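Before any comments, here is the structure.
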Amino acid sequence: MAEKRNIFLVGPMGAGKSTIGRHLAQMLHLEFFDSDHEIEARSGADISWVFDVEGEEGFRVREAKVIDDLTEKQGIVLATGGGSVLSKEVRNRLSARGIVVYLETTIEKQVARTQRDKRRPLLQVDEPREVLEGLAGERNPLYEDVADLVVRTDDQSAKVVANIIIERLGF
C-alpha cells in the first residue's frame, strides 16, 4: 500500500469491530486501535466504571476526545464504540479522516455475541434484546449515513469479513 489510509469500523455491539479490525490491520500491515480500550488505558478504569461514575454523557466526551486523537494518525484501523456515531462531530471526523466501514449485523447475532459479556454497561438489564432493538433504531441510520462501505458480518468469520473489506476497497 503506497498511501497509508485509515479504516474506521462502525457498527453495533457484537458486530465484530474489534476482532475484524485486528485481522484487517494485520493483513494490511497497519496499526490497530480500539477506542474503548484506549479510553480504559487513558482513564485507568474500565468502561463500566466510567459509565457508573460519569454517566453516558461523560463517557461520550472521553470517547469523542479519543477518536479525535486517534483519527489524526495515518495508516490505522480503528474499531469505534457502538455509540460513537451519536456525535455529529465524531461522524464528521471519521468521514473526513478515513474510510468508514459499517459492520452490519442482526439483533439475534448481537444477543448471541454479547449475552455473557459483563463489560457492556448498556446491556446490564433484564431484557438486553429490547435495549439492542432501541439502539438499532437510533443508531443504524447514523451508521448508514457515515459509511463508505457496508459489510454484513452475520454468517462469516472475522478473517473472511476482513478479506471482503480489503477486496471491496481495492487494497
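As the structure is a prediction and not an experimental result, all values here were calculated from the model.
The shortest heavy-atom contact between S35 and G81 is OG-N, 3.1 Å. What you find for V160 and Q156 is that their closest heavy atoms are CG1-OE1, 3.8 Å. Closest of all the heavy-atom pairs between V146 and S95 is CG2-OG, 3.3 Å. When all heavy atoms of P141 and A136 are compared, the closest pair comes out as CD-O, 3.8 Å.
Of the charged side-chain nitrogens involved, none lies within less than 4.0 Å of a carboxylate oxygen, so that E72 and R93 do not count as a salt-bridged pair. Using a 4.0 Å cut-off between a side-chain N of Lys or Arg and a carboxylate O of Asp or Glu, D68 and R97 qualify as a salt bridge.
Contact of the K73 side chain with the L78 side chain is not registered, since no non-hydrogen atoms from C-beta on lie closer than 4.5 Å. Under the 4.5 Å side-chain criterion, counting only non-hydrogen atoms from C-beta, V161 is not in contact with H23. Two residues are said to be in side-chain contact when any heavy atoms from C-beta on lie closer than 4.5 Å; Y102 and P12 meet this criterion. In this structure the side chain of D46 never reaches within 4.5 angstrom of the side chain of V50, judged on heavy atoms. Contact of the D36 side chain with the F59 side chain is registered, since non-hydrogen atoms from C-beta on lie closer than 4.5 Å. At a threshold of 4.5 Å between non-hydrogen side-chain atoms, the residues V10 and L94 count as touching. Considering only heavy atoms from C-beta on, E63 comes within 4.5 Å of I39 through its side chain.
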Working for salt bridge (charged side-chain N to carboxylate O under 4.0 Å, His left out), residues R60 and E57: CA-CA 5 Å; R60 297 292 171 212; E57 188 177 325; over 6 Å; no
Test log, rule side chain to side chain contact (heavy atoms under 4.5 Å, CB included), inputs M13 and T105: CA-CA 9 Å; M13 290 182 264; T105 191; over 6 Å; no
Test side chain to side chain contact (heavy atoms under 4.5 Å, CB included) applied to Q26 and F32, step by step: CA-CA 8 Å; Q26 183 179 24; F32 174 73; over 6 Å; no
From CA spacing to verdict: side chain to side chain contact (heavy atoms under 4.5 Å, CB included), L169, I7: CA-CA 10 Å; L169 292 178; I7 300 172; 4.1 Å; yes
CA sep, side-chain torsions, deciding dist, call: T71, N6, side chain to side chain contact (heavy atoms under 4.5 Å, CB included): CA-CA 8 Å; T71 58; N6 294 329; 5.6 Å; no
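If you run salt bridge (Lys or Arg N to Asp or Glu O under 4.0 Å) between R62 and each of E56, E38, E54, only E54 comes through. Exactly one of I99, D34, V151, L103 qualifies for a side chain to side chain contact (heavy atoms under 4.5 Å, CB included) with L9. That residue is L103.
Taking CG of L24 as the start and CE of M27 as the end, the distance is 7.5 Å to the nearest 0.5 Å. Rounded to the nearest 0.5 Å, atoms CG (L30) and CD (Q74) are 10.5 Å apart. Rounding to the nearest 0.5 Å places CD1 of I76 at 5.0 Å from CZ of F8. Once rounded to the nearest 0.5 Å, the distance linking CG of L132 with CD of E127 reads 11.0 Å. If you take CZ on R139 and CG on D145, they are separated by 15.5 Å, rounding to the nearest 0.5 Å. Rounding to the nearest 0.5 Å places CZ of F33 at 13.0 Å from CD1 of I67.
Using a distance-only test at 3.5 Å, with no hydrogens or angles considered, a donor-acceptor pair links the side chain of N163 to the main chain of K159. Within the 3.5 Å criterion, the main-chain N or O of A15 finds a donor-acceptor partner in the side chain of T153. In this structure, the side chain of E40 engages the main chain of I47 through a donor-acceptor pair within 3.5 Å. Between the Y143 side chain and the G82 main chain, a donor and an acceptor come within less than 3.5 Å of each other. No donor-acceptor distance shorter than 3.5 angstrom exists from the side chain of S84 to the backbone of T80, with no hydrogens or angles considered.
When hydrophobic clusters are built by joining Ile, Leu, Val, Met, Phe, Trp and Tyr residues whose side-chain heavy atoms come closer than 4.5 Å, directly or via intermediates, V85 is not grouped with V61.
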